[in-house]
Amino acid sequence: MRVNGTPWRTIWPVDGVRAVDIIDQTALPHAFSVRRLHSVEDAAQAIRSMQVRGAPLIGVTAAHGLALGLASRADDETLLAAARLLAATRPTAVNLHWALARMQSRLLPLPPAARVDAAWSEAATIADEDVDQCRRIGIHGLQLLLAGRRGEGRLEIMTHCNAGWLATVDHGTALAPVYAAFDAGIDIHVWVSETRPRNQGLLTAWELRQHGVPHTVVADNAAGLLLARGGIDAVLVGADRIAANGDVANKIGTCLKALAARAAGVPFIVAAPRSTIDFACANGAAIPIEERAGDELRLLHGCDSAGVAGELRQLPATAAVANPAFDITPASLVDHIVSERGCCTADRLRSLHPEAADG
Ligand code: MRU
């Protein structure tokens with residue numbers, strides 16, 4: 001996607017050196033900065049601290065992290081230790097574990113001397129596949145939106161968190177149909193939820209602003225009223241893990257939007273690549289929910305009138321807080337799932353991915 005007219009991906013290998021550059025998403029939307037990752041520890045820290053975030057991008061970063069981890073030694077012990085370090089960063093997004101499993105099944109059968117090149121090439125393939133899958137999610141998702149639109153007027157979409165190109169390598173998942181619609185000249189507007197406590201909605205607004213897509217930022221709690229008032233064609237969100245029965249883990253607050261959408265009769269659509277579908281996970285109850293630090297609620301991030309980024313305390317350091325980062329939307333509240341293969345209802349995931357063996 002473009003930033004000030006220049007095409008960017010969220011992660012890319014550095015020419016000539018065994019290193020990876022990322023867009024530091026903790027600086028956005030107030031500053032655009034690039035950070036270089038030189039080691040598996042750097043990659044793990046970038047995932048843990050959410051400099052990179054979003055299920056698909058977490059997976060792609062982990063794949064590159066494993067390649068970085070083989071810089072000095074490429075024996076089994078080093079490879080497995082690097083995979084363990086990366087796997088322990090965040091629990092909910094299954095793309096992390098999917099990417100590590102794919103990398104290990106590619107690398108472990110190889111002699112150590114062949115592993116470094118194979119690791120970089122496999123990581124690059126995973127990144128390119130993600131771009132193609134998201135582009136195709138955009139195409140299938142747009143067809144679904146047009147098939148379900150209320151009338152000939154402006155297409156009104158509500159979203160939650162950031163499932164745009166910043167959460168993938170490019171194009172995004174939930175925002176891919178939005179970009180496809182806009183680029184096709186379709187009149188579209190997006191209701192963007194702030195998504196407390198880390199405000200990923202501000203990343204969505206930043207992306208849409210860069211692309212020129214009309215949007216309005218709202219408080220998370222405004223969603224129920226806006227949906228009940230009518231005039232919204234669909235709620236479109238991403239996912240961190242979709243269980244075999246169609247239950248969906250996504251950013252905290254997603255389930256509340258699904259409930260409000262159902263009450264208002266508005267279609268609730270989940271967009272995610274195959275790498276986010278976990279057929280080994282029977283249902284939502286089996287999905288680990290990340291609990292993040294309380295300071296994400298006690299402190300606010302922003303920039304002052306001089307544009308200097310900083311943090312403000314809104315709760316005492318001793319205030320008791322709870323900060324689950326994701327929730328589970330039951331399959332019964334999901335009207336459609338869109339992947340690179342097409343669209344299906346939540347209970348028919350296997351029809352879209354028949355190759356998925358049990359477990
Ligand atoms: O905590 P985050 O910012 O990594 O959470 C991201 C989300 O919940 C996204 O909606 C999801 O990962 C899909 S990203 C295409």
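Both counts, for ligands and for their atoms, begin at 1 and track the order of listing.
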Every pair of nitrogen or oxygen atoms between ligand 1 and the protein that is under 3.5 angstrom apart - can you list them with their distances to 0.1 Å?
{"residue": "ligand 1", "atom": "1 (O)", "partner": "R90", "partner atom": "NH2", "Å": "2.8"}
{"residue": "ligand 1", "atom": "1 (O)", "partner": "K251", "partner atom": "NZ", "Å": "2.7"}
{"residue": "ligand 1", "atom": "3 (O)", "partner": "R53", "partner atom": "NE", "Å": "2.7"}
{"residue": "ligand 1", "atom": "3 (O)", "partner": "R53", "partner atom": "NH2", "Å": "3.3"}
{"residue": "ligand 1", "atom": "3 (O)", "partner": "Q200", "partner atom": "NE2", "Å": "2.9"}
{"residue": "ligand 1", "atom": "4 (O)", "partner": "G54", "partner atom": "N", "Å": "2.9"}
{"residue": "ligand 1", "atom": "4 (O)", "partner": "R90", "partner atom": "NH1", "Å": "3.0"}
{"residue": "ligand 1", "atom": "8 (O)", "partner": "D240", "partner atom": "OD2", "Å": "2.8"}
{"residue": "ligand 1", "atom": "8 (O)", "partner": "N250", "partner atom": "OD1", "Å": "3.1"}
{"residue": "ligand 1", "atom": "8 (O)", "partner": "K251", "partner atom": "N", "Å": "3.2"}
{"residue": "ligand 1", "atom": "10 (O)", "partner": "N250", "partner atom": "OD1", "Å": "2.7"}
{"residue": "ligand 1", "atom": "12 (O)", "partner": "A55", "partner atom": "N", "Å": "2.9"}
{"residue": "ligand 1", "atom": "12 (O)", "partner": "D240", "partner atom": "OD1", "Å": "2.8"}
{"residue": "ligand 1", "atom": "12 (O)", "partner": "D240", "partner atom": "OD2", "Å": "3.2"}

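- A side-chain donor-acceptor contact under 3.5 Å links T78 and D75.
- Side chain to side chain, N4 and T6 fail the donor-acceptor criterion of an N or O pair below 3.5 Å.
- In this model, a donor atom of one side chain and an acceptor atom of the other lie less than 3.5 Å apart for Q45 and R48.
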Exercise. Where do R149 and D233 land on the salt bridge (charged side-chain N to carboxylate O under 4.0 Å, His left out) test, with the steps shown first?
Worked result: CA-CA 6 Å; R149 74 191 301 183; D233 292 277; 5.5 Å; no
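- For the pair R196 and D220, the salt-bridge criterion is not met [side-chain N within less than 4.0 Å of a carboxylate O].
- For R209, the CZ atom counts as densely surrounded, since its 6.0 Å shell holds more than 12 non-hydrogen atoms of other residues, nucleotides or ligands.
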